[in-house]
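Quick notes on the structure that follows.
This is a predicted model, so every value here is computed, not measured. Here is how names work: the chains are called A, B, and so on, in the same order as the sequence lines, proteins then strands, and each is numbered from 1.
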Amino acid sequence: MDKISDIKKNLKIYNSLTGKKELFIPINKDYVGIYVCGPTVYNHLHLGNCRTFISFDLVFRYLKHLGYKVRYVRNITDVGHLESDLEDKIFKKSRLEGLEPMEIVQKYTLSFHNLLSILNVQPPSIEPRATGHIIEQIDMIQKLIKKKLAYEMNGSVYFNLKEYEKFYPYGILSKNKTNQLVNKKFKITIVEKKNPQDFSLWKKASSNHIMSWNSPWGKGFPGWHIECTVMSTKYLGETFDIHGGGIDLKFPHHECELAQSIGAYNRKSLAHYWMHTNMLTLNGKKMSKSTGNSLGINDIYSFCEKKSFSPNIFRFFILKSHYRSVMNFTKKGLIHAEKEYTKIIESINILENFNSKTLKEKNNDNFFKIFFWIKKCYESINDDFNTPLLISNLFKVSHIIRHNINEIEKCHINLLKKYMTHFVFDILGLKKEEEQKTKSSSLSDNRLSILIERLIKFRMEARKQKNWILSDRIRKELSHIGVKLHDEKLF
RNA sequence: GGCACUGUGGCCGAAUGGAAAGGCAGAGGUCUGCAAAACCUUUUAUAGCGGUUCGAUUCCGCUCUGUGCCUCCA
């Protein structure tokens, strides 16, 4: 079997910048720097947002599994992200909810952290906030002004695209060309811009705008794109390994980040590998708060008519599709995922409780080629994090465990346990149910479970007495509260 | 209008220049007080038209379809 160091050498990542799958070679051997655009904390996350963070959680976990020392930076945008009417998202929400902007930020940051923890998404190494890096953002803007790549106009500062294009190509990430960017939707034109495609680096704040800071250009606040350039380079260096985010951020957000950093540091690219996760759709359309076409984690219960729901199932559902494919969220899809997930967990339980001492030594190497299977699993993830393919390999082994575990070589049982744990829990990041149960269990839960167990015993007695009316009634009642019973042969 | 991506059974979803995974569902069966579960067996697919090739679902071109982006979006 290949050593982990050999597996490490064969990781391929699809690079949005080049449009090709490329071998992953980090800038510094054994170290990886990754930056992912985090949320603007003006609302609760919807399931589409979760998809992106789950996808990058897998990347983070896998890189660590390969032995890399990973610095994962994921920001919190708490200022500067404007709505289409040019009002700051946070500021607008604070008006609507009657709260301080920072209360909004705190409220939705907590909600964000709580949700990701439920989904077993590991926290990043650094989670910087835009408002904590105002000075650095001003510094970078000044640097761009000095290079004549930005200009001040009435207390606001804009990036000068025409000037930039004299030295560097713009649109290398999105493949857009500035002269072909026809703006049909956007009705508001900012007259003070030299060019309609110039984007804001610093915005002058109106007198009633409480989210503002002093700057060389007067009171104002930073633009949306500059925070990411500043925070990624501050913690990862002027060029780093991986930059990620949702595909909807590719243009203009990532393109602008890229232009800012190339302009400020005169580098070829901000990151070597750009990764974009595709959209989670609902009714075939992108999930989006603003159009109302979105679901939150708590909406799953009513949407899928489910009484109980393990967040693991949603995580599994997400990982069942490749991160670069569009994925449609459906009730049927989630229910399928639940069935599939249960099978895999079932096989792990069998494996964990299996006493391999009862197995006899045999020479049955052809029955299940474990080293071949492990290799296949690694090849799947190494191929641009192909989790659907990994999961299909898990199904294959899960079938063998559930039906033919006695045929497996004795000396391979522990190996299988080890790698199932690696793939299912460490890499895919599914949470062991026992952990979840102990976390959520309380006194009343314990009492309830004792009661349920008594009822099951009571029903067993009824079955022994062939009291089918009573036993069926209990089965039906228990099924209503989500306790499913499976009978086996009694006599 | 421009750019990017996509199209595989009833559904989800892999792979591949040389017999098209896996799961769910369906059908038949075993088992069973019944239902379910479980197990065994099993039907069905590469959008269309060209080109390259001994051979294309895979590579190339065109058409069609769907999605995303084009200054709110993960």
(Q) Measuring from the side chain of A/Lys396 (C-beta onward, heavy atoms only), which nucleotide among B/rU71, B/rA21, B/rC3 has the closest atom? (A) B/rA21
Q. Has A/Lys339 got a side-chain N or O lying under 4.0 Å from the OP1 or OP2 atom of B/rA25?
A. yes
Q) Quick one: which of B/rG23, B/rA74, B/rC70 gets closest to the side chain of A/Phe395? A) B/rG23
Q: Assign each of A/Arg402 and A/Leu280 to its nearest nucleotide of RNA chain B by heavy atoms, then name whichever residue's nucleotide is nearer the 5' end.
A: A/Arg402
Q: Provide the distance between the two C1' atoms, one in B/rC31 and one in B/rA38, to the nearest whole Å.
A: 9 Å
Q. With respect to the phosphate group of B/rC69, does any side-chain polar atom (N or O) of A/Lys286 fall under 4.0 Å of OP1 or OP2?
A. yes
Q.
To the nearest 0.5 Å, what is the distance between NZ on A/Lys193 and CE on A/Met153?
A. 11.5 Å
Q | Value in whole Å for how far the C1' atom of B/rG7 lies from CE of A/Met327 | A | 17 Å
Q: Report which part of the nucleic acid A/Lys177 touches: base, sugar-phosphate, or nothing (heavy-atom distance under 4.0 Å, all strands).
A: nothing
Q: Check whether any side-chain N or O of A/Asn278 sits under 4.0 Å from OP1 or OP2 of B/rA74, and answer yes or no.
A: no
Q: Rounded to the nearest angstrom, tell me the gap between atom NE2 in A/His254 and atom P in B/rC3.
A: 22 Å
Q. Just how far, in rounded Å, is P of B/rC70 from OH of A/Tyr170?
A. 11 Å
Q. On the ring face of A/Tyr14, is A/Arg324 found with NZ or CZ under 6.0 Å from the centre and within 45° of the axis?
A. yes
Q. Which nucleotide sits closest to the side chain of A/Lys250: B/rC40, B/rG13, B/rA4?
A. B/rA4
Q) So which nucleotide does B/rU46 pair with, by the Watson-Crick or G-U wobble rule with both distances under 3.5 Å? A) none
Q) Centres of the A/His44 and A/Tyr108 rings: under 6.0 Å? A) yes
Q) Contact class for A/Leu394 vs. all strands (heavy atom < 4.0 Å): base, sugar-phosphate, or nothing? A) nothing
Q: Sort out the partner of B/rU32 for me: Watson-Crick or G-U wobble, both distances under 3.5 Å, none otherwise.
A: none
Q) Checking only heavy atoms, does the side chain of A/Arg475 share a donor-acceptor pair with the base of B/rC34 at less than 3.5 Å? A) yes
**Q.** Phosphate OP1/OP2 of B/rA14 contacted by A/Ser325 side-chain N/O (<4.0 Å)
**A.** yes
Q: Determine: side-chain N/O of A/Lys332 to OP1/OP2 of B/rC12, distance under 4.0 Å, yes or no.
A: no
Q) Angle class for the A/His253/A/His225 ring planes (parallel below 30°, perpendicular above 60°, tilted otherwise)? A) tilted
Q. What is the nucleic acid contact for A/Arg324, judged by heavy atoms within less than 4.0 Å: base, sugar-phosphate only, or nothing?
A. nothing
(Q) Tell me if the aromatic rings of A/Phe303 and A/Phe329 count as close, with their centers under 6.0 Å from one another. (A) yes
Q | Selection from B/rA14, B/rA38, B/rA74 that lies nearest to any side-chain heavy atom of A/Thr40 | A | B/rA74
Q: Ignoring the backbone of A/Pro388, work out which of B/rA4, B/rU71, B/rG13 is nearest its side chain.
A: B/rG13
**Q.** Side-chain donor-acceptor pair present, A/Ser156, A/Asn154, cut-off under 3.5 Å
**A.** no
**Q.** Near-strand residues of residues 43-54 of chain A, defined as heavy-atom separation under 4.0 angstrom from RNA chain B
**A.** A/His46, A/Gly48, A/Asn49, A/Thr52
Q. Do the side chain of A/Asp472 and the base of B/rG33 come within less than 3.5 angstrom through a donor-acceptor pair of N or O atoms?
A. yes
Q) What does B/rC11 pair with, Watson-Crick or G-U, if both distances are under 3.5 Å? A) B/rG23
Q. Do you see a donor-acceptor pair shorter than 3.5 Å between the side chains of A/Thr281 and A/Asn328?
A. yes
Q: Could you tell me whether the side chains of A/Thr229 and A/Ser261 share a donor-acceptor contact shorter than 3.5 Å?
A: no
